[in-house]
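Notes for the one structure printed next.
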Amino acid sequence: VAAYYELQELFNRDGYKLVCKRSVKKQPDIKEVLNDLQKDELVKIIIDLTQKDSALKTSLILKYSKDDGMDELEKCKRLIEAIVNKYKNRYGSVNSKEAGGFIAEMEEVLEKARNVEDDMLALDIAFMLINESEEVFQYEDDSDGFVGFWISDIHDFIGEIIADNCDSDRDTKVKIFDRLMEEIKNKSIRSGNDYQFYLFDLCAELADIEELRH
């Protein structure tokens, strides 16, 4: 109790407050620090980071390389593969402890799909994301529902694409419908019938054409 009152008295002294204020140094902002560095120093920092993170390395190369002759789907495919290889264990799955990091990086790919203008490309990226995610999480515990929410996000994105095309021309509808049917028949899907039935429901939204209803 005596120590408490002594400290209280000490803290209430004006001189002490001034000393405390002077001794506290504001930590510099990361942008401020990096702006003061030379280009070769920045390059070295990035190289050091990419040596520890293969997915980051692949992401930077695919995002900023010029005229590499690679289309967007192939770029996304390679990035997804790099993310999977970064997080999967020797059994080929991603455990629950690594799920957060894995999903965070995969979400960046999904965001890329949201920003492309070609709906067929967006669908292909979404299908790659969901198939790879189902593959690496199929034997893992998801009691907190974290993985389930991620899969639902991809489902919702696919649904948004279909909804946006319900009033499209016949050729576009047929093309999207055929791509959905192709995915339904994809034997690599291991999520059971729920995913396939979901895709069937989406097909029905496009089936105002007799050929597609048949």
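Just so you know, these numbers use all the heavy atoms, side chains as well, and skip hydrogens, waters and symmetry mates.
- Screening residues 166-186 for ring pair (Phe, Tyr, Trp, His ring centres under 6.0 Å) gives no qualifying pairs among residues at least two apart or on separate chains.
- Taking the six-membered ring where the residue is Trp, His155 and Tyr198 present parallel rings, their angle staying beneath 30° rather than reaching 60°.
- The side-chain heavy atoms of Phe146 and Ile103, taken from C-beta on, include a pair separated by under 4.5 Å.
- For the atom pair Lys97 NZ and Asn89 CG, the distance stands at 12.0 Å (nearest 0.5 Å).
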Table please: side-chain donor-acceptor pairs of residues 202-214 below 3.5 Å, with sequence neighbours left out.
residue, atom, partner, partner atom, Å
Asp208, OD1, Lys173, NZ, 3.2
Asp208, OD2, Lys173, NZ, 2.7
Glu211, OE1, Arg170, NH2, 2.7
Arg213, NH1, Ala207, O, 3.4
Arg213, NH1, Asp208, O, 3.3

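- Applying the side-chain hydrogen bond (donor to acceptor under 3.5 Å, both in side chains) test to Glu132 and every residue at least two apart in sequence or in another chain returns nothing.
- Counting only distance, with no hydrogens or angles, the side chain of Asp53 and the backbone of Leu49 share no donor-acceptor pair below 3.5 Å.
- The minimum heavy-atom distance linking Ala126 with Ile154 is given by the pair O-CG2, 3.6 Å.
- For Asn95, there are no side-chain hydrogen bond (donor to acceptor under 3.5 Å, both in side chains) partners at least two apart in sequence or on another chain.
- Side chain to side chain, Tyr195 and Glu134 fail the donor-acceptor criterion of an N or O pair below 3.5 Å.
- In this structure, Leu129 and Trp150 approach most closely via the heavy-atom pair CD2-CZ2, 4.3 Å.
- Judged as a salt bridge (Lys or Arg N to Asp or Glu O under 4.0 Å), and not counting sequence neighbours, Glu41 has no contacts.
- Looking at every heavy atom in both residues, Ser133 comes nearest to Phe102 through OG-CE2, 4.1 Å.
- Leu123 CG to Ile162 CD1: the interatomic distance, rounded to the nearest 0.5 Å, is 5.5 Å.
- With sequence neighbours excluded, no residue forms a side-chain hydrogen bond (donor to acceptor under 3.5 Å, both in side chains) with Lys77.
- Applying the salt bridge (Lys or Arg N to Asp or Glu O under 4.0 Å) rule to Asp201 yields no partners; only residues at least two apart in sequence or on another chain are considered.
- The environment of Lys86 atom NZ is dense: over 12 non-hydrogen atoms of other residues, nucleotides or ligands sit within 6.0 angstrom.
- Ile30 and Ile46 end up in the same hydrophobic cluster when Ile, Leu, Val, Met, Phe, Trp and Tyr side chains are linked at under 4.5 Å.
- Contacts of Asp171 classified as salt bridge (Lys or Arg N to Asp or Glu O under 4.0 Å), with partners at least two apart in sequence or in another chain: none.
- Not a single side-chain hydrogen bond (donor to acceptor under 3.5 Å, both in side chains) links Asp167 to another residue, sequence neighbours left out.
- In this structure the side chain of Met106 never reaches within 4.5 angstrom of the side chain of Leu110, judged on heavy atoms.
- Proximity of Val94 to Val147: side-chain heavy atoms (C-beta onward) are nowhere separated by under 4.5 Å.
- Lys44 and Asp40 are not joined by a salt bridge, as no carboxylate oxygen comes within less than 4.0 angstrom of a charged side-chain nitrogen.
- Rounding to the nearest 0.5 Å gives a distance of 7.5 Å between NZ of Lys57 and CD of Gln51.
- Scanning for side-chain contact (heavy atoms from CB on, under 4.5 Å) contacts around Phe200 gives Met181, Ile184, Phe197, with sequence neighbours left out.
- Judged by distance alone, the side chain of Glu9 and the main-chain N or O of Glu6 form no donor-acceptor pair under 3.5 Å.
- Rounded to the nearest 0.5 Å, atoms CG (Leu199) and CG (Asp194) are 11.0 Å apart.
- With contacts defined as side-chain heavy-atom distances shorter than 4.5 Å, the pair Lys75/Arg78 does not qualify.
- Across all non-hydrogen atoms, the minimal contact from Ala122 to Ala113 is CB-O, 3.7 Å.
- Listed by first then second residue, pairs satisfying side-chain hydrogen bond (donor to acceptor under 3.5 Å, both in side chains) with a partner in residues 156-166 read Arg114-Glu160, Asp119-Asn165, Asn165-Ser168, not counting sequence neighbours.
- Residues Val136 and Phe149 do not share a hydrophobic cluster, defined by chaining ILVMFWY side chains whose heavy atoms lie under 4.5 Å apart.
- Taking Asp118 as the reference, nothing meets the salt bridge (Lys or Arg N to Asp or Glu O under 4.0 Å) condition, with sequence neighbours excluded.
- When the shell of 6.0 Å around CD of Gln38 is examined, it contains 12 or fewer heavy atoms from other residues, nucleotides or ligands.
- The hydrophobic clustering, which links ILVMFWY residues whose side-chain heavy atoms are closer than 4.5 Å, places Val43 and Leu34 apart.
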If you apply the rule side-chain contact (heavy atoms from CB on, under 4.5 Å), what do you find for Glu107 with Glu111, and how did you get there?
CA-CA 6 Å; Glu107 281 177 338; Glu111 188 60 30; over 6 Å; no

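- In this structure the side chain of Leu121 reaches within 4.5 angstrom of the side chain of Glu72, judged on heavy atoms.
- Note: Glu105 CD to Tyr87 OH = 3.5 Å, rounded to the nearest 0.5 Å.
- Atom CD in Glu183 sits 9.0 Å away from atom CG in Asp124 (nearest 0.5 Å).
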If you apply the rule side-chain contact (heavy atoms from CB on, under 4.5 Å), what do you find for Val109 with Ile83, and how did you get there?
CA-CA 10 Å; Val109 184; Ile83 295 171; 4.1 Å; yes

